[in-house]
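Quick notes on the structure that follows.
Predicted model, so just to flag it, every value in this text is computed and none were measured.
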Amino acid sequence: MLSWIAKPFIWVHRSPKVNRVFALLDIFIASINKNVAVVGLLAGVIITAINVFCRYLSGLFPDYFHLSLTWAEEMARYCFLWSAFFGAAYGFRKGVHISVTMLLERFPPKIAKACVIGIHTLNSFFLAFMAYAGAMVCYDNYLLGYMSEALHNVPLWIFLLCLPLAFFGATYRSVEKIYEVSWTEANKVVKNAEVEMIHDSVIKD
């Protein structure tokens, strides 16, 4: 019975074409996560800096300048929000989220492997639920017709799309980790996790 269940997974694991598709998908999702995180952070910093400069001029020369970007604070907040969520989703791919392997190192290899798979499985369920909850938040805001406080012509749900999109990307990464660990030899699982964490904390792509 188990052999029939395992056959499609073995075929996927050994198929060059399927692996190529997943490799392209990996690059595509990683590019989106990384670029959105970088652009969001950069845009938030620039908008905030410009608004601070405008207010400084207004305070320095009140008779000549009355500058203040009313939309800047809210826009910068959403830029930082998008950057944080997509950056966190990218962190699942790089394995840079905080984790403690001290306890796993004391377990027998097979038990340690089972624990790692279990942790990633729980992560996947939680992230998938958060993606669903984020989608519901966007949908509810769409039905209620809420608009941005500062950008009155822009629906609020557009800014909140970062929730389902980022959590969906993080869910995919977590499921990907389950697949990777499943095919890794038990005595290499914990060591590989430590090497990945150290490597990707130092090496940037």
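In this structure, W157 CH2 and L163 CG are separated by 13.0 Å, a value rounded to the nearest 0.5 Å. With rounding to the nearest 0.5 Å, the separation of CZ in F85 from CG in L160 is 9.5 Å. C162 SG to F80 CZ: the interatomic distance, rounded to the nearest 0.5 Å, is 14.0 Å. Rounded to the nearest 0.5 Å, atoms OG (S31) and OH (Y90) are 8.0 Å apart. One distance of note links OG1 of T121 with CD1 of I178; it measures 3.5 Å at 0.5 Å rounding.
Annotation: side chain to side chain donor-acceptor pair (under 3.5 Å) contacts involving residues 40-55, sequence neighbours excluded, comprise R55-S68. Listed by first then second residue, pairs satisfying salt bridge (Lys or Arg N to Asp or Glu O under 4.0 Å) with a partner in residues 155-174 read D26-R173, R173-E176, not counting sequence neighbours.
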Output side-chain donor-acceptor pairs under 3.5 Å for residues 122-137, partner residues at least two apart or in another chain, one line each.
from: S124; atom 1: OG; to: H120; atom 2: O; distance (Å): 2.8
from: S124; atom 1: OG; to: S174; atom 2: OG; distance (Å): 2.9

Please output the side-chain donor-acceptor pairs of residues 38-47 that fall under 3.5 Å, not counting sequence neighbours, one pair per line with the distance.
none

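Qualifying side chain to side chain contact (heavy atoms under 4.5 Å, CB included) partners for T70, counting only residues two or more places apart in sequence or in other chains: none. Residues meeting the salt bridge (charged side-chain N to carboxylate O under 4.0 Å, His left out) test with D140, sequence neighbours left out: none. Taking Y56 as the reference, L60 meet the side chain to side chain contact (heavy atoms under 4.5 Å, CB included) condition, with sequence neighbours excluded. Residues forming a side chain to side chain contact (heavy atoms under 4.5 Å, CB included) with E74 (at least two apart in sequence, or on another chain): R77, Y78, S148, E149, A150.
The main-chain N or O of F167 is found under 3.5 Å from a side-chain atom of T171 such that the two form a donor-acceptor pair.
Hydrophobic clustering of Ile, Leu, Val, Met, Phe, Trp and Tyr side chains at less than 4.5 Å, counting indirect connections, unites V154 with M75. Cluster membership check: V175 does not share its hydrophobic cluster with Y172, using side-chain heavy-atom separations under 4.5 Å among Ile, Leu, Val, Met, Phe, Trp and Tyr. A continuous path of hydrophobic side-chain contacts links L81 to W71 [ILVMFWY only; heavy atoms under 4.5 Å]. Linking Ile, Leu, Val, Met, Phe, Trp and Tyr whenever their side-chain heavy atoms come within less than 4.5 Å puts L165 and F28 in one cluster.
Hydrophobic side-chain contacts under 4.5 Å tie M147 to no other Ile, Leu, Val, Met, Phe, Trp or Tyr residue.
Taking a 6.0 Å sphere around CZ of F168, one finds it holds 12 or fewer heavy atoms contributed by other residues, nucleotides or ligands.
Residues F159 and W82 approach most closely at O-NE1, 2.7 Å, considering heavy atoms.
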Q: Check the pair F86 / N35 against side-chain contact (heavy atoms from CB on, under 4.5 Å), numbers first and verdict last.
A: CA-CA 9 Å; F86 278 84; N35 291 329; over 6 Å; no

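In this structure the side chain of P155 never reaches within 4.5 angstrom of the side chain of Y146, judged on heavy atoms.
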